[in-house]
*Asks:* 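There's a structure below that I have some questions on.
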Amino acid sequence: MPKDPGFQTFAARRAIAVFAAATLAAGLLSSSVSLASAQQLPRLAGPPDQVNSQTQGKQGQGNQGDEQDQSVGTLRVNVNVVQLFFNVKDKKGALIPNLTKDDFQILEDNKPQTIKYFTAESDLPLTLGILIDSSGSQQRVLEMEKEVGANFLSEILRPKDEAFVISFDVDTNLLQDFTNSSRRLRDALNSARINAPPSSCGGLPGAGGGPLPCSSSPKGTVLYDAVYLASHDELAKEVGRKAMILLTDGEDQGSQLKITEAIEAAQKADSICYVLLIADRGFYGFGGYSGDREMKKLAGETGGRVIEVGNKLDKLKDAFDQIAKELRSQYNVGYTPSNTALDGTFRRVEIHAKKDYKIQSRTGYYAVAKRD
């Protein structure tokens, strides 16, 4: 996707700000930060006016509702309340409704915690990100993804909900920032185009584990970078229920970040990750593809799951239906951890049901203070 020169300036400023904040927290900020150093981080590209106006508007809404936000906040609230959204299923995978807090026990790092509040809310505001793979491997399935994804958004979004759309290929592009407009989201999905590097390119492996097909700049499928940017640049600023849905074959080529860094960013943003594994298997030849392994890590650690779709339209529709039901059937539990230190460490959290049910939840959180 061609880049607007004005946005490149905006993206560079954002990258510098992210770099400076991180180094300051570590006590390593020097007297100057070079643009070259800032550009080592992945950047989110998109129309400058859209990013500036809509993001500022969204942040303004958040500032007006700070007190309310804390009551339905994330894992980084000032009063150090840990909040988890989770699903409960029976052995056959059916969702279990109408449970109470007495049906559950919470453990943090193997230590029992006292449940402060518990609800079976299905109407809390939802912030949703759609990440669509527009690399060469999706050539024959991209149009199907656009159509079904747009229909899903028009059906699931309610007045208080918002969503954004990101495409990723050789770059990561913000096609639509936060909006409640189904029309804008559909237009954004329809604007996604296949963007693949020349087949003759070659290069060294990237940090994400995949090759960099062109040595001049990262090329291929920057999947891990896209998850990081959706988490860090978009969802980390929001409160309440958050989820991202990835439409991809799971293969990464050329990301600057590793899958572990993408998972950490999603956990810090308190976002559930669903992966709809969409793959035209004929594209991969004899060796097949292996992206499902890393995607299962991403989904499992964040409380989502991987759903195999292949290239079947009916399976994709069913997968979106399953996600819609799960997002509207979540339990919400909160507790004040017995370990009150905000030291940035990862705390492993387990939710146990007193009956033989399966709990679908994130595996833990990072004990960091809420951003101002």
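Computed from heavy atoms alone, side chains included, the values below leave out hydrogens, waters and symmetry copies.
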*Asks:* Do the side chains of Q105 and K354 get nearer than 4.5 Å, heavy atoms only?
*Replies:*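 K354 does not reach Q105 side chain to side chain.
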
*Asks:* If the threshold is 4.0 Å, N to carboxylate O, is there a salt bridge linking E294 and K297?
*Replies:* yes

*Asks:* Quick check for you: to the nearest 0.5 Å, what is the distance between L276 atom CG and L247 atom CG?
*Replies:* 5.5 Å

*Asks:* Which atom pair, heavy atoms only, marks the closest approach of Y274 to N87?
*Replies:*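 It is OH-OD1, 4.0 Å.
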
*Asks:* Once rounded to the nearest 0.5 Å, what's the spacing between atom CZ of R184 and atom CG of L153?
*Replies:* 14.5 Å

*Asks:* Are K268 and Y366 in a cation-pi setup, meaning NZ or CZ lies under 6.0 angstrom from the ring centre and within 45 degrees of the ring axis?
*Replies:* yes

*Asks:* Around atom NZ of K296, are there more than 12 heavy atoms from other residues, nucleotides or ligands closer than 6.0 Å?
*Replies:* no

*Asks:* Evaluate the side-chain proximity of L277 to M295: yes if any heavy-atom separation is below 4.5 Å, no if none is.
*Replies:* yes

*Asks:* To the nearest 0.5 Å, how far apart are CG in N151 and NZ in K317?
*Replies:*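 Result: 7.5 Å between the selected atoms.
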
*Asks:* Look up atom CG in L124 and atom CZ in R328, then write down how far apart they are to the nearest 0.5 Å.
*Replies:* 9.5 Å

*Asks:* Which atom pair, heavy atoms only, marks the closest approach of K242 to L235?
*Replies:* NZ-O, 3.1 Å

*Asks:* How close do A279 and D249 get, counting heavy atoms only, and between which atoms?
*Replies:* CB-CB, 4.0 Å

*Asks:* Are any non-hydrogen side-chain atoms of V222 and P42 less than 4.5 angstrom apart?
*Replies:*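 They are not in contact (no side-chain heavy atoms under 4.5 Å apart), so the answer is no.
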
*Asks:* Going by distance alone, is a donor N or O of one side chain under 3.5 Å from an acceptor N or O of the other, for Y228 and Q256?
*Replies:*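 Y228 vs Q256: no donor-acceptor pair found between side chains.
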
*Asks:* Determine whether K258 and E261 satisfy the following criterion, salt bridge (Lys or Arg N to Asp or Glu O under 4.0 Å), listing intermediate values before the conclusion.
*Replies:* CA-CA 5 Å; K258 300 179 181 179; E261 294 169 300; over 6 Å; no

*Asks:* What I want to check is whether the side chains of Q83 and Y117 have a donor and an acceptor closer together than 3.5 Å.
*Replies:* yes

*Asks:* Parallel, tilted or perpendicular: which fits the ring planes of F118 and F86, with parallel below 30° and perpendicular above 60°?
*Replies:*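 The rings of F118 and F86 sit tilted, inter-plane angle from 30° to 60°.
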
*Asks:* Any donor-acceptor pair under 3.5 Å linking the side chain of D233 with the backbone of A230?
*Replies:*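 No, the answer is negative, given that no donor and acceptor are paired below the 3.5 Å cut-off.
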
*Asks:* Ion pair present between D321 and K325, side-chain N to carboxylate O less than 4.0 angstrom?
*Replies:* no

*Asks:* Would a 4.5 Å heavy-atom cut-off, applied to side chains only, mark V368 and L342 as touching?
*Replies:*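 With C-beta onward as the side chain, the pair stays apart.
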
*Asks:* Does a donor on one side chain and an acceptor on the other come within less than 3.5 Å for S134 and D169?
*Replies:*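 There is such a pair between these side chains.
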
*Asks:* Quick check against the 3.5 Å criterion: does T302 have a side-chain atom that pairs as donor or acceptor with the backbone of C273?
*Replies:* yes

*Asks:* If we only count heavy atoms from C-beta on, is the N173 to F168 side-chain gap below 4.5 Å?
*Replies:*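 No, every pair of side-chain atoms sits at 4.5 Å or beyond.
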
*Asks:* Classify the side-chain pair Q113/S338 by whether it contains a donor and acceptor separated by less than 3.5 Å.
*Replies:*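 Side-chain D/A pair, Q113 to S338: present.
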
*Asks:* Mind listing the closest non-hydrogen atom pair of N180 and R158 along with its distance?
*Replies:* ND2-O, 2.8 Å

*Asks:* Is any side-chain N of the basic residue among K91 and D356 closer than 4.0 Å to the acidic one's carboxylate O?
*Replies:* yes

*Asks:* So does R293 pair up with D252, basic N to acidic O under 4.0 Å?
*Replies:*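 Not counted as a salt bridge, because no side-chain N and carboxylate O are separated by less than 4.0 Å.
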
*Asks:* Is a side-chain donor-acceptor pair under 3.5 Å present for T221 with E251?
*Replies:*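 Per modelled atom types, E251 and T221 side chains form no pair under 3.5 Å.
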
*Asks:* Using salt bridge (Lys or Arg N to Asp or Glu O under 4.0 Å), reason through E147 and R186 one step at a time and then give a plain yes or no.
*Replies:* CA-CA 8 Å; E147 176 188 353; R186 181 181 292 274; over 6 Å; no

*Asks:* Report yes or no: do R241 and Q330 form a side-chain donor-acceptor pair below 3.5 Å?
*Replies:*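 Judged by distance alone, the side chains do pair up.
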
*Asks:* Please tell me whether S191 and R193 have a donor and an acceptor in their side chains that are separated by less than 3.5 angstrom.
*Replies:*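 Distance-only check fails for S191 and R193.
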
